[in-house]
Q: 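Input: one structure, supplied below.
Proteins come first, then strands; the chains are lettered A, B, ... in the order of their sequence lines, and each starts at number 1.
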Amino acid sequence: MSVSYQLPDGASMEFEQPASAFEIAGRISKKLAKQALAAKANDNLIDVYLPIDDGATVEIITRETDEALELIRHDAAHVMAEAVQELFPDTQVTIGPTITNGFYYDFHRDTPFTPDDLKTIEKRMQDIVRRNEEIRREVWDRDEAVAFFLEKGEEFKAEIIRELPADQEVSLYRQGEFIDLCRGPHLPSTSKLGDGFKLMKVAGAYWRGDANNAQLQRIYGTAWRDKKELNAHLKQIEEAEKRDHRKLAREMGLFHIQQEAVGSMFWHPKGWRMRQNLENYIRGKMEKGGYQEVSTPQMMDRILWEQSGHWDKYGEDMFTVCTHDHKEMAVKPMNCPGHVQIFKQGITSYRDLPIRLGEFTTLFRNEAHGALHGLMRARSFSQDDAHIFCTEEQINEETAGFIKMLREVYEDFGFDSFRIKFSDRPDNRAGSDETWDKAEGALRSAVESLGLECELNPGEGAFYGPKLEFVLRDAIGRDWQCGTLQVDFVLPDRLDAEYVAEDGSRQRPVMLHRAVLGSLERFLGILIESTAGHLPLWLAPRPVAICTITNSADEYATAVQQKLVAAGVPAELDIRNEKIGFKVREHSRAKTPRIWVIGEQEAQQNQVAIRTLGSQATETMDLDEAVAALAAATRLPI
RNA sequence: GCUCUUGUAGCUCAGUAGGUAGAGCACACCCUUGGUAAGGGUGAGGUCACCGGUUCAAAUCCGGUCAAGAGCUCCA
């Protein structure tokens, strides 16, 4: 009897009895056997020393592969846990998965880990790598595994295993004295981890992601194939941090935040101009798209929020104000109830639908302290918020119109790819299951008919309806929801909105909540980070700085500025007694898109020397031509 | 809100072992009129986040408050 294996190149290999990946690799070459870290048998990853089933297609995993990088990160988590338990025996282990660029492990321990502890742990990890401990898979009976971990005082681990089916065997991996529940596979020994890892930070995390549970200490690490890759990654983080919008906004003079108004911006002249440019741009887009702009009260009686259901779910996060007659007014965190009030004035016919109401006024939400993050997560902000009141039949078409606008807008900002999440019913929700079936069905069919690629985001919908989230990424890889589309059958009912149908009956409209940019503040933050401050000309607060070389050119430069301002371009004039190199440096650092340099030569010939942000080159142009070109480029692309 | 870390001049930071503070940039004034990322000089500027405690003495040690950063939870 013999067994045979298929190799990726189509060849096959015979053995007398089931062979391991290590043995198979050894037949191919000594070198490959040395390099083998794991194997893929019929696309399932398996430890390098385990026998492989007859007939499998076997691929050897070497260090260069993506799979190996996963293994390295997973091993790093185990080695870290081993180091932690050696150094701090009172620590319980919980879970330790791989993540983008690295890994973490959640520990339970009464005393917190300090940054110094991290250094010590890292050193011990290096020791464990040097010890070259074999990492071996063991298969245990579930109940025995539970008893084993309980006896070791590992309650969290025991809890995880206890929840597996009783008859299921569990795999444990042992390296030295350390043993952990793990699906595997792993590298064959700790030395294979190498030296491309580093512990990054310690942070709190809740057991099973629930804030009611014990808080664990999560240690984050990054791991790579070698030191060189690690250093490249660290360098990249450093570069990304330079794009932080809070840092750039200070350099660009856009806004500031201070203690007396936590979570809200003091917009400076330049920042506000930029913010207004964005608002005017999207306002123009919406007008073109058949939206009507409205404005609804900043404060409304709490009763209205109770009716809508917001109070029940978000009351704690709403700011309230008491009037002299003891009414409790809520500062609006959302526009929807206000828009319903406008819809309800008079009698609406089906012929009037869809009605699209948009609003840009400021919203206030009492976001948790720890959630605040510059422009990305603020307590006061405004949205390109709108509500479309329509019939069920109109949902598809309105969704298509919205998606079309969103694509155009994102393209104007250079976001040609973005992720879409489909968030369905949350546990805590308003409306019957039938209503939710209908709303989710409607949104799903709209998505399908448009061929949109979505990832499912279970249980993350709004309390009144399912939603699409359009997600953009910041400089250091964090995801932020920007655009959104939500299908809502609940609020029209709760707030008693209706229209007269063709047959004369009264019907509930469907409400589509939608925003293309989402929070204007957040969108600007993302945009600043994604462009490193190099904004499009039409959005930049000062598209151009006019810089003189000598003050004999002051008069001409002033005339140039006036000409630009008359043409609608907010130009900055810099006739300070400074050298041109100094001025160029300063305006470049402030991310001014264009610098017009003017010396005697330009003044005499009625020209300007143009320097574009990010380039060292200059281009000399006749003044009138340059003004016309810049005026055109700074016009909002509506 | 929770965990950890941090809070010194407008900004970036130094401040050794407790003995009431320092640099660079920015700012003001003077000199310099210089062709594309920092020309030179002089000067002003700080209740060391705030409150309390220990001490003869606190930016420094301890406690609390506020805020910021990272992560978790949350995100209508």
Side-chain angles (χ1 to χ4, degrees), chain A residues 104 106 112-115 117-118 200-220 241 244 246-247 250-251 256-260 262-263 305 308-318 332-337 363 365-374 376-378 383 385 423 426 428-430 460-465 467 469 476 478 480-481 484 486 488 491 513 518-519 522 547-554 575-589 595-602 609-611 613 615-618:
Chain A
Y104 68 76
D106 285 346
F113 294 114
T114 64
D117 290 338
L118 290 199
M200 304 298 279
K201 58 200 170 199
V202 57
Y206 300 106
W207 170 238
R208 310 215 132 156
D210 187 335
N212 298 314
N213 289 344
Q215 186 154 36
L216 309 170
Q217 296 187 64
R218 174 172 299 177
I219 301 180
Y220 283 93
E241 280 169 356
D244 188 315
R246 294 162 300 186
K247 183 178 151 70
R250 197 169 40 238
E251 289 169 11
H256 84 272
I257 298 175
Q258 65 187 47
Q259 284 203 12
E260 292 79 1
V262 172
W305 300 102
S308 72
H310 286 91
W311 187 265
D312 199 31
K313 185 129 201 270
Y314 299 105
E316 302 244 310
D317 300 325
M318 287 165 74
K332 71 170 168 187
M334 269 269 87
N335 291 312
C336 6
L363 305 173
R365 298 178 185 178
N366 194 3
E367 302 282 10
H369 255 100
L372 298 175
H373 185 84
M376 309 291 200
R377 192 84 180 268
Q383 297 181 310
D385 191 21
S423 302
N428 187 357
R429 60 181 181 261
E460 297 294 324
F463 74 87
Y464 48 69
K467 63 176 179 177
E469 296 176 48
I476 65 169
R478 290 175 291 215
W480 298 92
Q481 177 195 309
T484 182
Q486 306 165 9
D488 178 8
L491 286 187
H513 306 238
S519 154
R522 174 178 293 178
C547 300
T548 49
I549 292 171
T550 79
N551 49 29
S552 59
D554 286 0
I575 54 175
R576 290 176 302 169
N577 176 14
E578 296 291 350
K579 289 191 149 187
I580 190 62
F582 180 87
K583 293 184 185 181
V584 165
R585 176 183 154 85
E586 209 168 72
H587 294 290
S588 298
R589 279 169 60 115
I595 297 174
W596 284 12
V597 173
I598 289 173
E600 277 182 41
Q601 200 184 314
E602 286 76 13
I610 302 170
R611 183 183 164 120
L613 182 62
S615 157
Q616 316 248 64
T618 61

Q: Can you give one letter per nucleotide of nucleotides 71-76 of chain B, 5' to 3': B if a protein heavy atom sits under 4.0 Å from the base, S if only from the sugar-phosphate, - if neither?
A: BBSBBB
Q: Hey, is Arg585(A) close enough to Glu578(A) for a salt bridge, meaning N to O under 4.0 Å?
A: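 No salt bridge links Arg585(A) with Glu578(A).
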Q: Can you tell me how far C1' of C25(B) sits from CD of Glu251(A), to the nearest Å?
A: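 Distance, rounded to whole Å: 12 Å.
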Q: Can you figure out which of U36(B), A68(B), C11(B) approaches the side chain of Arg250(A) most closely?
A: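 My answer, after comparing the listed nucleotides, is C11(B).
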Q: So for Arg589(A) and A37(B), does any side-chain atom that can act as donor or acceptor lie under 3.5 Å from a complementary atom in the base?
A: no
Q: Whom does C29(B) pair with, Watson-Crick or G-U wobble, provided both distances fall under 3.5 Å?
A: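 For C29(B), the partner nucleotide comes out as G41(B), under the 3.5 Å rule.
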Q: Any strand is fair game: report the nucleotide pairing with G71(B) by Watson-Crick or G-U wobble, both distances under 3.5 Å, or none.
A: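 In the structure as shown, G71(B) has C2(B) as its Watson-Crick or wobble partner.
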Q: Given the rule in the salt bridge (Lys or Arg N to Asp or Glu O under 4.0 Å) test, do Asp106(A) and Arg218(A) qualify, once you have shown the distances and angles that lead to the verdict?
A: CA-CA 4 Å; Asp106(A) 285 346; Arg218(A) 174 172 299 177; 2.7 Å; yes
Q: Taking the minimum atom-to-atom distance to the side chain of Lys579(A), which one of A37(B), A68(B), G39(B) wins?
A: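 Nearest nucleotide to the side chain: G39(B).
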Q: Let me know the distance between CD of Glu578(A) and C1' of A28(B), rounded to the nearest Å.
A: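 Atom CD in Glu578(A) sits about 13 Å away from atom C1' in A28(B).
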Q: In whole angstrom, give me the gap between the C1' atoms of U33(B) and G40(B).
A: 14 Å
Q: Taking pairing as Watson-Crick or G-U wobble with both contacts under 3.5 Å, can you name the mate of G52(B), or confirm there isn't one?
A: C62(B)
Q: Nearest to the side chain of Pro115(A) - U5(B), C66(B), U33(B)?
A: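 The answer is U5(B), which lies nearest to the side chain.
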Q: Using the P atom as the reference point in each nucleotide, state the distance between C61(B) and A14(B) in Å, no decimals.
A: 15 Å
Q: Could you work out the separation of U42(B) and U36(B) based on their C1' atoms and round it to a whole Å?
A: 29 Å
Q: Measuring only the C1' atom in each nucleotide, how far is C50(B) from U8(B)? A whole number of Å is fine.
A: 14 Å
Q: Got a donor-acceptor contact below 3.5 angstrom from the Gln217(A) side chain to the Ala203(A) backbone?
A: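 Side chain of Gln217(A) to backbone of Ala203(A), a donor-acceptor pair under 3.5 Å: no, none is there.
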Q: Over how many whole Å does the gap from Leu372(A) atom CG to A68(B) atom P extend?
A: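 Answer to the nearest Å: 6 Å.
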Q: Is it the case that the side chain of Glu586(A) and the backbone of Lys583(A) share a donor-acceptor pair, with hydrogens and angles ignored and the cut-off at 3.5 Å?
A: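 No: the side chain of Glu586(A) does not pair with the backbone of Lys583(A).
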Q: Under 3.5 Å, is there an N or O donor on one side and an acceptor on the other linking the side chain of Glu602(A) and the base of G35(B)?
A: yes
Q: Taking the same atom, P, in U65(B) and in A70(B), what whole-Å distance lies between them?
A: 22 Å
Q: Rounded to whole Å, how long is the line connecting atom OH of Tyr104(A) with atom P of A70(B)?
A: 19 Å
Q: With a non-hydrogen cut-off below 4.0 angstrom, is Val202(A) in contact with a base, only sugar-phosphate, or nothing?
A: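 Counting heavy atoms under 4.0 Å across all strands, the contact made by Val202(A) is with sugar-phosphate only.
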Q: Now, which nucleotide makes the Watson-Crick or G-U wobble pair with C13(B), with each of the two distances under 3.5 Å?
A: G22(B)
Q: Given 3.5 Å as the limit, does a donor-acceptor pair link the side chain of Asn551(A) with the main chain of Asp554(A), or not?
A: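 The answer is no, because no donor-acceptor pair under 3.5 Å joins these two groups.
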Q: Across the strands shown, which category fits Arg246(A) at heavy-atom distances under 4.0 angstrom: base, sugar-phosphate, nothing?
A: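 If one applies the 4.0 Å heavy-atom cut-off, Arg246(A) turns out to touch the sugar-phosphate alone, with no base involved.
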Q: Report, as yes or no, whether the 6.0 Å neighbourhood of atom CD on Glu316(A) holds more than 12 heavy atoms from other residues, nucleotides or ligands.
A: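 Result for CD/Glu316(A): open.
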Q: Provide, to the nearest angstrom, the distance between the NE2 atom belonging to His256(A) and the C1' atom belonging to A68(B).
A: 14 Å
Q: From the set A67(B), G34(B), A37(B), return the single nucleotide nearest to any side-chain atom of Val262(A).
A: A67(B)
Q: Can you tell me how far C1' of G10(B) sits from NZ of Lys247(A), to the nearest Å?
A: 15 Å
Q: Looking at Arg246(A), Arg522(A), Glu367(A), which hits side-chain contact (heavy atoms from CB on, under 4.5 Å) with His373(A)?
A: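 In the set Arg246(A), Arg522(A), Glu367(A), the residue that makes a side-chain contact (heavy atoms from CB on, under 4.5 Å) with His373(A) is Arg246(A).
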Q: Without swapping roles, check the side chain of Lys579(A) against the backbone of Ile549(A) for a donor-acceptor pair under 3.5 Å.
A: no
Q: Can you tell me how far C1' in C48(B) sits from the matching atom in A23(B), rounded to whole Å?
A: 16 Å
Q: In whole angstrom, give me the gap between the P atoms of A68(B) and C11(B).
A: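 Comparing P positions in A68(B) and C11(B) gives a spacing of 15 Å.
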Q: So Glu600(A), base contact, sugar-phosphate only, or nothing? Heavy-atom distance under 4.0 Å.
A: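 Base, at least one base atom sits under 4.0 Å.
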Q: Compute both the distance and the angle, then confirm whether Lys313(A) meets the cation-pi test with Phe463(A): under 6.0 Å from the six-membered ring centre, within 45 degrees of the axis.
A: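 No, Lys313(A) does not sit over the ring of Phe463(A).
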Q: Please report the distance, rounded to the nearest Å, between CD1 in Ile575(A) and P in G34(B).
A: 17 Å
Q: Under 4.0 Å between any heavy atoms, over every strand shown, what does Glu586(A) touch: base, sugar-phosphate, or nothing? Just pick one.
A: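 No contact.
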Q: Nearest-Å distance, CG (Asp554(A)) to C1' (G34(B))?
A: 13 Å
Q: For A21(B) and A59(B), measure between their C1' atoms and round to the nearest Å.
A: 8 Å
